[in-house]
There are 2 protein chains.
Amino acid sequence: MIDAERKFREYLSEKGLRFTSERLAILLHVMSLHEHFAVDDLHHQLRQKGLSISHATVFRTLALLIDCGIVQKLPCEKMPARYEHIFGHVHHDHMFCLRCGRIIEFHNAPIERWQQKVAEEHRFQMTGHHLIIRGYCEKCH
Amino acid sequence: MIDAERKFREYLSEKGLRFTSERLAILLHVMSLHEHFAVDDLHHQLRQKGLSISHATVFRTLALLIDCGIVQKLPCEKMPARYEHIFGHVHHDHMFCLRCGRIIEFHNAPIERWQQKVAEEHRFQMTGHHLIIRGYCEKCH
DNA sequence: GTTGCAATTGAAAACGAATATCAATAGTAT
DNA sequence: ATACTATTGATATTCGTTTTCAATTGCAAC
């Protein structure tokens, strides 16, 4: 059993929810993806694997995975929404290319620290943040 | 004529678009608001002023004002989308209270500088950014 | 001013992502 | 095994936003 599965089982158990085969299949597939994805991507890929999991269940399960901290919704304002698994990864932010749609991940410790400081100054209890830098990637200027 | 109107007229003229009474009314009202607003707020307030401007026109005009740099869409993921005028204001980011929905504005120069630096490191041409800090405000922890 | 053309408008219909409904199914605790 | 209740899939619905299209109105040329 992978760590993410253990974490998901614990989360569901604590909330009195059930660990179903659909939820396991979605979790495992999400953890196997190393790119961000839309709900439809995920749905199609699961069907190609021979699993018939409904659209509604994919949405419902993603909401649980987000609440549980295994997945995050990307802050870029494109529709449909994009997701990625974050469990087992260090925190990172994103740059979004307005021309080709490429998403570049980055991590910057000073920015993280200053955010914490700004929150404290406003007596604001920070639980998370989203930083997205928009512009044009190396190939697209 | 206020500066924003001059800027909007120039923008429309350059694009071969027309400066209509509806567009002027929306621009002036948006500039008079000192809070973020949803499309429906704007639409209602315009109607209360006795102006019968359609929903569609409000949406269409906001898109122009955003493209022109007078208005921005806020990056908090609440529906419906929130907007604010930015023309004549210094750049700022937002904290969003998950409990009461309050939006706190802030500006932090070091964060801005580090963002620029990160973009340069990735040879990324930054045109803008959105930073939103989520959590609980002073009243809500 | 008048004219002509294309941009703009309003009302309504269409769109699309996401959510709710509900009967059938399947975990889970006993 | 049983009973209870969460979950599922199919479908319908919601709701913010966008498109359609005929009527209107800027605006530039005359």
Side-chain angles (χ1 to χ4, degrees), chain A residues 1 5-6 8-30 36-47 49-68 71-83, chain B residues 1 5 8-27 29-30 36-44 46-47 49-68 71-83 101:
Chain A
M1 190 193 301
E5 182 179 336
R6 203 179 329 275
F8 196 30
R9 288 188 114 108
E10 270 171 33
Y11 166 84
L12 292 170
S13 171
E14 274 170 23
K15 295 250 174 182
L17 304 176
R18 293 173 184 169
F19 190 80
T20 65
S21 63
E22 289 85 355
R23 287 176 180 172
L24 173 60
I26 291 168
L27 170 68
L28 292 178
H29 193 80
V30 163
H36 54 90
F37 56 88
V39 171
D40 260 7
D41 301 334
L42 185 50
H43 188 230
H44 277 118
Q45 290 163 18
L46 289 165
R47 296 212 155 236
K49 277 188 177 176
L51 299 163
S52 64
I53 295 176
S54 74
H55 217 131
T57 297
V58 175
F59 268 103
R60 288 189 278 232
T61 303
L62 274 176
L64 293 173
L65 290 170
I66 289 169
D67 190 44
C68 155
V71 167
Q72 78 171 155
K73 189 190 270 196
L74 297 193
C76 68
E77 297 134 45
K78 286 282 160 194
M79 293 285 266
R82 305 273 152 166
Y83 303 85
Chain B
M1 190 193 298
E5 182 179 336
F8 196 31
R9 289 188 112 107
E10 269 172 34
Y11 166 84
L12 292 170
S13 170
E14 274 170 24
K15 295 250 174 183
L17 303 176
R18 293 174 183 167
F19 190 81
T20 65
S21 63
E22 289 85 355
R23 288 177 180 170
L24 172 61
I26 292 169
L27 170 69
H29 193 80
V30 163
H36 54 90
F37 57 88
V39 171
D40 260 6
D41 301 334
L42 185 50
H43 188 230
H44 278 118
L46 288 165
R47 295 210 156 240
K49 278 188 176 175
L51 299 164
S52 64
I53 295 177
S54 74
H55 219 132
T57 296
V58 175
F59 270 102
R60 287 189 278 233
T61 303
L62 274 176
L64 294 173
L65 290 171
I66 289 169
D67 190 45
C68 157
V71 167
Q72 79 171 153
K73 189 191 269 197
L74 296 194
C76 68
E77 294 135 46
K78 287 282 159 194
M79 292 285 267
R82 304 271 152 169
Y83 303 83

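By convention in this document, chain letters (A, B, ...) are assigned in the order of the sequence lines, proteins followed by strands, and residues within each chain are numbered from 1.
In this model, the phosphate group of C:dA26 is not approached by any side-chain N or O of A:Thr20 to a distance below 4.0 Å at OP1 or OP2. Dashed line: the shortest gap from a side-chain N or O of B:Arg23 to OP1 or OP2 of C:dT8 is under 4.0 Å. Residue B:Ser54 has no polar side-chain atom (N or O) positioned under 4.0 Å from OP1 or OP2 of C:dT9.
Looking only at distances, a side-chain donor or acceptor of B:His44 sits under 3.5 Å from a matching main-chain atom of B:Asp40.
Within 6.0 Å of atom NZ in A:Lys78, 12 or fewer heavy atoms from other residues, nucleotides or ligands are found, so the atom counts as exposed in its surroundings. Annotation for B:Lys15: atom NZ does not count as buried by contact number, only 12 or fewer foreign heavy atoms lying within 6.0 Å.
B:Arg60 comes within contact range of at least one nucleobase, with a heavy-atom separation under 4.0 Å. Among the protein residues, B:Ser21 comes within range of no part of the nucleic acid, since none of its heavy atoms lies under 4.0 Å from any strand.
Closest to the A:Phe59 side chain, of the nucleotides C:dT28, C:dA20, C:dA18, is C:dA18. When distances run from any side-chain atom of B:Arg18 to the nucleotides C:dA11, D:dG26, C:dT28, the shortest one goes to D:dG26. Ranking D:dT17, C:dA18, D:dA10 by closeness to the B:Pro80 side chain, first place goes to D:dT17. Picking from C:dA26, C:dA11, D:dG16 the nucleotide with the shortest atom distance to the side chain of B:Met79 gives D:dG16.
Atom-to-atom, NZ of A:Lys15 to C1' of D:dT7 comes out at 17 Å; the value is rounded to the nearest Å. When rounded to the nearest whole Å, the span between NE2 of B:His43 and P of C:dG10 equals 8 Å. Atom pair B:Ile53:CD1 and D:dT24:C1' shows a separation of 15 Å (rounding to whole Å applied). Rounded to an integer number of Å, the gap from A:Glu22 CD to D:dA10 P is 11 Å. If you measure from atom NZ of B:Lys73 to atom P of D:dT18, you get 7 Å, rounded to the nearest angstrom. Put simply, CG on A:Leu62 is 10 Å from P on C:dA18, counting in whole angstrom units. Computed from coordinates, the A:Leu46 CG to D:dT8 P distance equals 13 Å when rounded to whole Å.
Between A:Leu51 and A:Ala25 the shortest heavy-atom distance is CD1-CB, 3.9 Å.
A salt bridge links B:Arg9 and B:Glu5; the closest N-O separation between the charged side-chain nitrogens and carboxylate oxygens is under 4.0 Å.
The residue among B:His55 and B:Arg9 whose nearest nucleotide of DNA chain D is located toward the 5' end is B:His55. Mapping A:Ser13 and A:Tyr83 onto DNA chain C via the closest heavy atom, the residue that lands nearer the 5' end is A:Tyr83. Nearest-nucleotide mapping onto DNA chain D: of A:Leu12 and B:Leu17, the residue sitting toward the 5' end is A:Leu12.
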